[in-house]
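What follows is a structure written as structure tokens; I'll ask about it next.
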Amino acid sequence: MSSRTTGSVTVTLDGTNRSATLPLLSGTLGPQVVDIRKLYNELGIFTYDPGYGATASCESQITYIDGDAGVLLYRGYPIEQLAERSDFIEVAYLLMYGELPTKAQLAEFERGVTRHTMLHEQIRRFYDGFRRDAHPMAVMCGVVGAMSAFYHDSLDINDPEQRRIAAFRLIAKVPTIAAWAYKYANGQPFMYPRNELKYAENFLYMLNAVPAEDYRVSPVLARAMDRILVLHADHEQNASTSTVRLAGSTGANPYACIAAGIAALWGPAHGGANEAVLKMLGEIGHPKNIPDFIRRVKAKDSNVRLMGFGHRVYKNLDPRAKIMRQTCHEVLAELGIKDEPLLDLAMELERIALEDEYFVSRKLYPNVDFYSGIILKAMGIPTSMFTVIFAVARTVGWVSQWKEMIEDPSQRIGRPRQVYSGPAQRDYRPIEARG
Ligand code: CMC
């Protein structure tokens with residue numbers, strides 16, 4: 001890894017003459033970080049940062065976010081340029097290998113991914129164990145985790161070739177797993193992948209086609225899906241990526257690690273927010289109800305949040321939200337949807353929130369999930385699949401971060417400490433002597 005020591009910080013324990021001088025490290029961009037690894041040995045103290053708001057958990061060369069400026073870079077390239085000019089497979093290569101591919105490299109990578117799009121035939125039967133009304137994210141957690149029971153030849157994380165194959169398998173198979181989760185809920189036959197189609201196109205094909213008739217994927221929808229995948233492909237050390245890294249740090253196999261990431265993504269504070277936004281818009285129902293909803297959000301201890309707003313890192317407009325909003329208008333126009341009440345409602349909600357002192361003072365802006373659900377709904381995708389699509393996109397980010405971690409020679413098991421505030425040591429008392 002390549003951060004440099006550019007200074008030091010001295011920590012002194014008040015009331016003692018004990019102090020520790022700790023290195024200050026600089027990466028390419030972003031704030032300097034204090035390397036606290038010697039702190040416990042030298043002063044016998046830990047650091048405390050619940051929620052990791054001020055903690056760099058690793059060194060990474062993949063994604064950079066400047067939350068104040070609203071900047072997102074994949075391997076140095078602005079997300080706006082990638083969303084406009086690249087596509088998901090090229091972005092996947094970039095995230096995995098660090099550079100944009102040549103034509104030959106891209107063709108070989110795409111061939112590598114498409115070779116692995118089918119699932120082991122036995123996995124089909126695995127689906128039958130789920131109830132038809134299972135949430136597709138539950139199916140995703142289960143089936144992706146079960147891949148470790150099917151692909152025994154790519155479980156050795158110390159073998160670079162096995163790591164490479166596992167990465168390809170995961171990226172190639174998640175759309176098939178996701179589409180089959182959807183088909184299973186619908187009671188429709190599973191559609192096998194079509195390798196002549198591009199990644200996003202093939203995913204839409206497996207979601208929407210049926211064997212009874214020909215199905216041609218709309219290029220507009222394929223482009224919109226591709227852009228959604230690009231925008232969600234990686235996002236630095238977020239909750240699900242950190243989960244993948246923590247699971248991976250124990251030496252767990254890649255399929256198990258990505259299943260752990262999917263589980264973490266499911267929550268409404270993270271990837272589940274796109275589903276929650278649509279539920280929220282449905283509950284608000286009409287622009288006239290917005291002031292009352294905003295009052296409920298602002299009420300102390302109400303536990304009601306404006307879903308799709310706010311972010312741990314962005315204290316400015318999420319750059320992905322800007323692109324999503326634009327894509328949303330484009331998709332609706334292309335689909336000939338002139339009047340989409342949900343979009344009108346979302347835009348009015350955004351306008352009111354952005355003028356409201358509560359949201360302004362807390363720097364709460366729309367995030368990527370605010371508009372993605374409206375696009376997906378217009379594309380005919382049911383709400384329960386929204387987070388699944390996020391998981392399909394993020395798999396490449398998880399795999400790239402996992403690979404980077406395993407290949408880092410300084411990698412150790414992730415093992416945070418705590419401030420213990422439970423009872424001090426005490427003696428066991430027999431039940432007769434209690435109460
Ligand atoms: N609606 C209302 N108030 C909010 C919201 C919101 N969406 N988000 C934050 N706040 C308030 C919060 O109540 C707190 O106020 P106070 O200082 O008075 O207690 C303040 O803003 C800071 O909030 P926080 O919970 O400390 O912020 P956080 O960094 O821990 O949480 C977040 C970040 C994304 C979990 C949160 O903003 C949130 O719950 N947003 C809604 C869910 C959402 O849209 N999530 C998607 C995130 S982007 C995609 C992804 O990462 O997967």
Side-chain angles (χ1 to χ4, degrees), residues 49-55 63 65 67-68 70-72 74 79 137 140 228-245 260-281 283-284 290-325 346 349-376 383 386-398 401:
D49 182 20
Y52 313 113
T55 296
T63 294
I65 304 172
D68 295 318
V71 168
L72 169 60
Y74 290 167
I79 191 66
M137 280 298 277
M140 289 293 286
I228 289 171
L229 298 179
V230 167
L231 293 181
H232 288 86
D234 195 47
H235 212 228
E236 205 228 60
Q237 307 311 320
N238 55 82
S240 57
T241 303
S242 298
T243 302
V244 169
R245 279 188 179 257
I262 293 171
L265 186 75
W266 195 356
H270 192 7
N274 49 17
E275 187 175 341
V277 168
L278 264 246
K279 279 201 187 112
M280 174 189 75
L281 293 175
E283 276 162 31
I284 298 173
I290 293 176
D292 184 50
F293 176 73
I294 296 278
R295 253 191 306 279
R296 282 171 45 217
V297 169
K298 286 158 52 175
K300 272 238 158 307
D301 307 322
S302 74
N303 281 333
V304 181
R305 290 207 161 193
L306 176 49
M307 300 311 286
F309 255 67
H311 197 276
R312 170 60 63 77
V313 183
Y314 293 118
K315 301 303 167 198
N316 199 328
L317 187 61
D318 178 339
R320 302 167 301 171
K322 225 185 291 179
I323 305 168
M324 275 295 177
R325 185 170 41 196
L349 190 54
E350 180 186 1
R351 189 189 65 74
I352 292 176
L354 290 179
E355 286 172 359
D356 191 298
E357 146 63 22
Y358 175 95
F359 297 93
V360 174
S361 63
R362 289 169 178 77
K363 298 188 176 164
L364 300 171
Y365 292 88
N367 60 50
V368 67
D369 289 323
F370 194 68
Y371 283 102
S372 62
I374 299 172
I375 306 180
L376 292 170
T383 321
F386 292 179
T387 312
V388 172
I389 288 166
F390 195 154
V392 168
R394 186 56 57 85
T395 295
V396 68
W398 292 327
Q401 300 266 353

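Whatever order the structure lists them in is the order used to number ligands and atoms, beginning at 1.
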Anything with a heavy atom under 4.0 Å from ligand 1 counts, so go ahead and list those protein residues by chain and number. P268, A269, H270, G271, A273, V297, R305, L306, M307, G308, F309, G310, H311, R312, Y358, R362, L364, N367, V368, D369, F390

Relative to the ring of F370, is the ring of F309 parallel (under 30°), tilted (30 to 60°) or perpendicular (over 60°)? perpendicular

If the condition is salt bridge (charged side-chain N to carboxylate O under 4.0 Å, His left out), which residues does R320 pass it with, not counting sequence neighbours? D318

Can you list the residues that meet the side chain to side chain donor-acceptor pair (under 3.5 Å) rule with H270, with sequence neighbours excluded? N238, S240

Ring centroids only, cut at 6.0 angstrom: are Y314 and H235 within range, meaning strictly under it? yes

Sorted by chain and number, sequence neighbours left out, side chain to side chain donor-acceptor pair (under 3.5 Å) with S242 holds for none

Exercise: do Y52 and Q237 side chains pair donor with acceptor under 3.5 Å: no

